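All heavy atoms count here, side chains included; hydrogens, waters and symmetry mates do not. Ligands are counted one by one from 1 in listed order, and the atoms in each one are counted from 1 as well. The shown structure was predicted, so the numbers you read here are calculated from the model rather than taken from an experiment. Numbers here simply count residues along the sequence, with the first being 1.
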Amino acid sequence: MLFDILTLFPGLFSGVFDESIVRRAIEAGIISIRIHNIRDYAEGRHSITDDAPYGGGGGMVMKPEPIFGAVEHVLGSQGQQTVAEAGARVILLSPQGMPLTQQMACELSRQEHLVLVCGRYEGVDERIREHLITDEISIGDYVLSGGEIPAMVVIEAVTRLIPGVLGDPGATFEDSHMEGLLEYPHYTRPVEYRGWEVPEVLLSGDHALVVQWRREQALRRTLERRPELLRKARLSERDMEFLRSLGADV
Ligand code: SAM
């Protein structure tokens, strides 16, 4: 998969992709990440990328020409129709976008090319959103100063879901939010730490019992922390019985 990042602050990305799973995915040739400075696509001697808002008010707005120019350059295209033809998703990071979810990350992990547009200041000229962008993604209901960290979040969430990136292909199956539940708790050696012991069932060697305990822990944890998730989770009759035994109304 190819990620093209469009930003006014390319330096913010230095080092971020040089470690751990994303780096390994790059080295294995599973993903490539290209970073483009929007300023390189600005016209004129001063390479201006933003301007005052029509209608007045504070703050600056990112101009359309450099962002259209940058997207069309990375897609090798001219205009909206060929953006669609190129088969790429042109994503604007925005607090007004669809909230990023694990399901969305799974869907994006099946794409071949994602272009990530990082806003700054008051955001981008509305004509960019209307005529260039295919998706708007928010990483939460709060406002950051720029789309760079949200772009990193999207890349991290998507990359680990691409087949071949994680050593164990089943590693993500039980992750929180994959099936609508939070994941069960984990323990490792030592078996006793400061008097706190690992639950006995995990030492029993009885695989079926461990699977059942983990399922119940995931259900309990979701009920305690994020009960609203249970409404959309895929639950068996046995799951519901267990939840009812905890007092849940399912
Ligand atoms: N004035 C805009 C509004 O109220 O919707 C906020 C602009 S924000 C200061 C500047 C840029 O940061 C946005 O264009 C966007 O790219 C990015 N940004 C801020 N918060 C974000 C979030 N929660 N998710 C994704 N991107 C965000």
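In this structure, the side chain of T222 engages the main chain of L182 through a donor-acceptor pair within 3.5 Å. Within the 3.5 Å criterion, the main-chain N or O of G11 finds a donor-acceptor partner in the side chain of S14. The backbone N or O of V22 lies less than 3.5 Å from no partner atom in the side chain of E27, so there is not a single donor-acceptor pair.
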Write none if no such pair exists; otherwise list each N/O atom of ligand 1 with its protein N/O partner under 3.5 Å and the distance.
{"from": "ligand 1", "atom 1": "1 (N)", "to": "E122", "atom 2": "O", "distance (Å)": "3.1"}
{"from": "ligand 1", "atom 1": "1 (N)", "to": "E122", "atom 2": "OE1", "distance (Å)": "3.2"}
{"from": "ligand 1", "atom 1": "5 (O)", "to": "Q96", "atom 2": "NE2", "distance (Å)": "2.8"}
{"from": "ligand 1", "atom 1": "12 (O)", "to": "G146", "atom 2": "N", "distance (Å)": "3.3"}
{"from": "ligand 1", "atom 1": "16 (O)", "to": "L93", "atom 2": "O", "distance (Å)": "2.6"}
{"from": "ligand 1", "atom 1": "16 (O)", "to": "G119", "atom 2": "N", "distance (Å)": "3.0"}
{"from": "ligand 1", "atom 1": "20 (N)", "to": "L144", "atom 2": "N", "distance (Å)": "2.9"}
{"from": "ligand 1", "atom 1": "23 (N)", "to": "G140", "atom 2": "O", "distance (Å)": "3.0"}
{"from": "ligand 1", "atom 1": "23 (N)", "to": "Y142", "atom 2": "O", "distance (Å)": "2.8"}
{"from": "ligand 1", "atom 1": "24 (N)", "to": "I139", "atom 2": "N", "distance (Å)": "3.1"}
{"from": "ligand 1", "atom 1": "26 (N)", "to": "S94", "atom 2": "N", "distance (Å)": "3.2"}

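Ion pairing between a basic and an acidic side chain is recognised when a charged N comes within 4.0 Å of a carboxylate O; R129 and E126 show such pairing. Ion pairing between a basic and an acidic side chain is recognised when a charged N comes within 4.0 Å of a carboxylate O; R120 and D50 show no such pairing. A salt bridge does not link R214 with E216: none of the charged nitrogens is closer than 4.0 Å to a carboxylate oxygen.
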